[in-house]
Amino acid sequence: MKSTLITGITGQDGSYLAEFLLKKGYKVYGLKRRTSTENNENIGHIQNQIELISGDLNDLPSLIEAIRISKPDEVYNLGAQSFVECSWSQPIYTTEITALGVTNILEAIRLVKPDTRFYQASSSEMFGKVLETPQKETTPFYPRSPYGVAKVYGHWISINYRESYNMFTSSGILFNHESPRRGLEFVTRKVTNTVAKIKLGLEDELRLGNLYAKRDWGFAGDYVEAMWLMLQQDQPDDYVIATGETHTVKELVEIAFEYVGLDWEKYVVTDPKFMRPAEVDILLGNPQKARKHLGWEPRVSFEELIKMMVDSDLAKFK
Ligand code: NAP
Ligand code: G4F
């Protein structure tokens with residue numbers, strides 16, 4: 001039985017990946033930081049099949065202990081301060097977790113079990129003010145937020161451990177991926193959750209920032225399979241994971257409102273509070289390399305994704 005350690009197991013991707021690896025027959029360990037109130041919403045349904053280890057990406061001894069306990073064949077480093085907007089109000093914390101946290105977990109692996117295969121959750125946010133469209137593995141980075149800068153560090157330190165210590169480290173440069181388990185602060189879930197509330201008479205407006213930003217949005221359930229595939233290859237490498245389609249926030253809003261039979265223009269209010277100091281205007285990924293080498297394809301379309309999320313939020317409030 002293969003053993004795996006997932007950091008960020010309580011998050012959106014961590015929960016889908018844990019489900020995926022359990023089905024593959026893995027022994028699944030999850031690193032979980034201490035919180036004063038329970039936040040096991042995403043993993044409650046599998047909690048008796050996984051083992052949680054208390055630790056924090058900012059605390060090297062706890063990571064060393066987590067590697068000692070789990071003796072992992074594979075580590076998936078999904079833990080991060082992952083909300084871009086928050087990275088301007090908490091830039092140092094974001095750097096400590098999203099950037100230095102990667103070195104901490106790599107050091108723990110190097111010291112305790114250097115033959116562990118390592119996945120780093122890199123991000124399309126690294127492309128930022130894009131220097132080429134569509135973006136691929138060789139597109140230069142131009143991050144536009146403290147989060148994006150931290151992810152560039154995490155990406156390069158993973159490559160550096162591959163080259164310095166011959167460790168098996170692969171990074172997935174994942175474009176935005178969403179699901180009913182997405183945090184409420186991200187734009188897709190904010191929209192689908194508020195649309196459900198408006199439909200049920202629980203809310204009467206949706207306040208948003210930039211409606212013209214474009215993102216390449218896919219389904220998180222599809223994307224965790226790509227993470228696993230990367231660690232099954234003969235050689236470590238980095239891959240863009242995306243759908244190859246881009247849509248504006250406005251299109252997302254239109255689809256969600258139309259699905260419940262409402263006119264979005266009656267409810268959406270633009271609020272400068274949600275505008276960012278520096279925006280990423282367009283992301284569009286080229287997943288050709290993943291298609292060719294991993295045999296990976298996204299399955300859920302943009303429209304299906306939004307409808308799935310609206311349905312889930314409607315069911316929750318009903
Ligand atoms: P998420 O839902 O925000 O989950 C983040 C996870 O990290 C949570 O489990 C969180 O724990 C944990 N975490 C935060 N700070 C930590 C710390 N100091 N020590 C240990 N764990 C900590 O994010 P996601 O959407 O699943 O994304 C997973 C990873 O992929 C992240 O690294 C993200 O930056 C990256 N990524 C995401 C996307 C996307 O579109 N979703 C795209 C590209 C890259 P709590 O539950 O305690 O907060
Ligand atoms: O949903 P978002 O907050 O996601 P963002 O900033 O693209 O970051 C996500 O994807 C990255 C991959 O590219 C990940 F690395 C990162 O961890 C995270 O998962 O915002 C998407 C777009 C932005 O352009 C934002 O300005 O939506 C725009 N937007 C417009 N109004 C809004 C809002 N975003 C949020 N969160 N809230 C709004 O009211």
Side-chain angles (χ1 to χ4, degrees), residues 6-17 30-35 37-43 53-59 62-63 66 76-87 93-94 96-98 100-102 104-105 119-128 135 143-145 147-148 150-151 154-155 171-179 181-191 194 206-220 223-224 227 241-242 247-250 252-253 268-271 273-283 285:
I6 302 173
T7 73
I9 195 162
T10 54
Q12 171 187 258
D13 292 7
S15 64
Y16 281 107
L17 181 66
L31 186 86
K32 186 176 164 1
R33 58 180 171 160
R34 190 259 165 188
T35 49
T37 47
E38 275 290 313
N39 69 339
N40 286 352
E41 203 176 305
N42 288 334
I43 52 168
I53 302 173
S54 182
D56 194 298
L57 283 167
N58 209 8
D59 186 77
S62 71
L63 300 177
Y76 294 85
N77 184 38
L78 310 184
Q81 189 304 92
S82 75
F83 187 38
V84 172
E85 199 181 304
C86 172
S87 74
Y93 175 73
T94 301
E96 278 169 359
I97 307 308
T98 307
L100 282 183
V102 188
N104 281 333
I105 185 84
Y119 172 84
Q120 169 57 16
S122 288
S123 166
S124 52
E125 186 70 16
M126 301 189 302
F127 296 123
Q135 296 85 50
R144 292 275 277 174
S145 60
Y147 168 84
K151 280 289 177 187
H155 188 76
S171 292
I173 307 174
L174 269 54
F175 283 62
N176 299 51
H177 46 281
E178 320 291 314
S179 76
R181 297 183 198 166
R182 187 60 142 151
L184 286 166
E185 67 275 38
F186 299 93
V187 76
T188 51
R189 186 73 198 290
K190 180 174 172 181
V191 169
T194 311
L206 169 58
R207 302 189 84 82
L208 291 172
N210 181 5
L211 295 182
Y212 298 95
K214 293 177 117 183
R215 290 290 181 278
D216 180 330
W217 277 294
F219 171 52
Y223 284 40
V224 297
M227 299 175 186
I241 301 298
H247 299 273
T248 58
V249 173
K250 184 164 165 272
L252 150 72
V253 167
V268 173
V269 179
T270 304
D271 187 337
K273 195 170 92 184
F274 298 108
M275 299 288 185
R276 296 179 176 180
E279 179 63 283
V280 172
D281 296 322
I282 175 168
L283 290 175

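Remember, it's 1-based here, ligands and their atoms both numbered in the order they're listed. Numbers here are sequence positions counted from 1.
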**Request:** Apply the test side-chain contact (heavy atoms from CB on, under 4.5 Å) to residues K32 and I53: give CA-CA distance (whole Å), side-chain angles for both, the deciding distance (0.1 Å), then the verdict.
**Result:** CA-CA 6 Å; K32 186 176 164 1; I53 302 173; over 6 Å; no
**Asked** Below 3.5 angstrom, do we get any N/O pair linking N77 and ligand 1?
**Response** no
**Fill in**
So for N39 against ligand 1, with non-hydrogen atoms under 4.0 Å, the contacting part is side chain
**Request:** Side-chain contact test, heavy atoms from C-beta onward, threshold under 4.5 Å: evaluate it for L206 versus V269 and give yes or no.
**Result:** no
**Asked** Can you list the residues that meet the side chain to side chain donor-acceptor pair (under 3.5 Å) rule with R207, with sequence neighbours excluded?
**Response** E205, D271
**Message:** Using side-chain heavy atoms (C-beta onward) and a distance below 4.5 Å, is S124 in contact with D216?
**Reply:** no
**Prompt:** At a 4.0 Å threshold, what atoms of ligand 1 neighbour a non-hydrogen atom of A121?
**Reply:** 29 (C), 30 (O), 32 (O), 35 (C)
**Prompt:** Do K250 and V268 touch side chain to side chain, with heavy atoms closer than 4.5 Å?
**Reply:** no
**Message:** If I take atom CZ from residue R181 and atom OH from residue Y16, how far apart are they, to the nearest 0.5 angstrom?
**Reply:** 4.5 Å
**Request:** Could you label the plane-to-plane angle of the F186 and F83 rings as parallel, tilted or perpendicular, counting under 30° as parallel and over 60° as perpendicular?
**Result:** perpendicular
**Message:** Taking 4.0 Å as the limit for heavy-atom contacts, which would you say applies to Y147 with ligand 1: side chain only, backbone only, both, or neither?
**Reply:** side chain
**Request:** Report the nearest protein non-hydrogen atom to atom 4 (O) of ligand 1: residue, atom name, distance rounded to 0.1 Å.
**Result:** G11 CA, 3.4 Å
**Message:** Suppose I only count heavy atoms of S82 and a 4.0 Å limit; which atoms of ligand 1 are within that range?
**Reply:** 1 (P), 3 (O), 23 (O), 33 (C), 34 (O)
**Asked** Under 3.5 Å, is there a donor-acceptor pair between the side chain of S62 and the main chain of D56?
**Response** yes
**Request:** Give yes if a backbone or side-chain nitrogen or oxygen of T35 is under 3.5 Å from a nitrogen or oxygen of ligand 1, and no if not.
**Result:** no
**Message:** Students should be able to answer this: which protein heavy-atom is nearest to atom 39 (C) of ligand 1, and at what distance?
**Reply:** H177 CE1, 3.3 Å
**Message:** Heavy-atom contact check, 4.0 Å cutoff: does S122 meet ligand 1?
**Reply:** yes
**Message:** Between Y119 and L78, is there a side-chain heavy-atom distance shorter than 4.5 Å?
**Reply:** yes
**Message:** As an exercise, identify every atom of ligand 1 less than 4.0 angstrom from a heavy atom of Q12.
**Reply:** 2 (O), 25 (O), 26 (O), 41 (N)
**Message:** K151 versus ligand 1: do any nitrogen or oxygen atoms come within less than 3.5 Å of each other?
**Reply:** yes
**Prompt:** Within the side chain of K151, is there an N or O that forms a donor-acceptor pair under 3.5 Å with the backbone of S82?
**Reply:** no
**Asked** Does the distance from a Lys or Arg side-chain N to an Asp or Glu carboxylate O, for K214 and E279, drop under 4.0 Å?
**Response** no
**Shortest heavy-atom approach to atom 47 (O) of ligand 1 - which of R33, E96, R34, E178** = R33
**Complete:** If we number the atoms of ligand 1 from 1 as shown, the ones under 4.0 Å from a heavy atom of N176 are 40 (O)
**Prompt:** If you measure every N/O of A80 against every N/O of ligand 1, is any gap under 3.5 Å?
**Reply:** yes
**Message:** Using a 3.5 Å cut-off on N or O atoms only, is L31 in polar contact with ligand 1?
**Reply:** no
**Asked** Going by the atom numbers of ligand 1, which of them fall below 4.0 Å from some non-hydrogen atom of I97?
**Response** 15 (N), 16 (C), 17 (C), 18 (N)
**Fill in**
heavy-atom search around atom 25 (O) of ligand 1 in the protein gives R182 NH1, 3.4 Å
Contacts table for ligand 2: protein N or O within a distance under 3.5 Å of ligand N or O, distances only.
residue, atom, partner, partner atom, Å
ligand 2, 1 (O), V187, N, 2.9
ligand 2, 3 (O), R276, NH2, 2.9
ligand 2, 6 (O), R276, NH1, 2.6
ligand 2, 7 (O), N176, ND2, 2.8
ligand 2, 7 (O), R215, NE, 2.8
ligand 2, 10 (O), N176, ND2, 3.0
ligand 2, 13 (O), S124, OG, 2.6
ligand 2, 13 (O), N176, OD1, 2.8
ligand 2, 17 (O), S82, O, 2.7
ligand 2, 17 (O), Y147, OH, 2.7
ligand 2, 19 (O), R182, NH1, 3.2
ligand 2, 19 (O), R182, NH2, 2.8
ligand 2, 24 (O), R215, NH2, 3.0
ligand 2, 24 (O), E279, OE1, 2.9
ligand 2, 24 (O), E279, OE2, 3.0
ligand 2, 26 (O), E279, OE2, 2.6
ligand 2, 31 (N), G209, N, 2.8
ligand 2, 36 (N), E185, O, 2.9
ligand 2, 39 (O), K190, NZ, 2.7

**Asked** Which protein non-hydrogen atom lies closest to atom 43 (C) of ligand 1, naming both residue and atom, and how far is it?
**Response** L174 O, 3.1 Å
**Asked** Would a 4.5 Å heavy-atom cut-off, applied to side chains only, mark Q81 and S87 as touching?
**Response** yes
**Message:** Taking side chain to side chain donor-acceptor pair (under 3.5 Å) as the definition, give me every residue that meets it alongside R144, ordered by chain and number, with sequence neighbours left out.
**Reply:** none
**Request:** With the side chain counted from C-beta on, respond yes when Y147 and E85 share a heavy-atom pair under 4.5 Å apart, and no when they do not.
**Result:** no
**Prompt:** Any idea which heavy atoms bring A150 and T94 closest together, and the distance?
**Reply:** CB-O, 4.2 Å
**Asked** V187 versus L252: any side-chain heavy-atom pair under 4.5 Å?
**Response** yes
**Message:** Going by the rule side chain to side chain donor-acceptor pair (under 3.5 Å), which residues pair with E178 if we only count those two or more places apart in sequence or in a different chain?
**Reply:** R182, T188
**Request:** Name the closest protein heavy atom to atom 20 (C) of ligand 1, giving the residue it belongs to and the distance to 0.1 Å.
**Result:** L57 N, 3.7 Å
**Message:** If you measure every N or O of N58 against every N or O of ligand 1, does any of those distances drop under 3.5 Å?
**Reply:** no
**Prompt:** For atom 46 (O) of ligand 1, which protein heavy atom lies nearest, and how many Å away is it?
**Reply:** T10 OG1, 2.6 Å
**Shortest protein heavy-atom distance from atom 17 (C) of ligand 1, along with the residue and atom involved** = D56 OD1, 3.6 Å
**Contact check, side chains of Q12 and R189, non-hydrogen atoms, under 4.5 Å** = no
**S123, any N or O under 3.5 Å of ligand 1 N or O** = no
**Request:** For atom 29 (C) of ligand 1, grab the closest protein heavy atom and report residue, atom and distance to one decimal in Å.
**Result:** L78 O, 3.1 Å
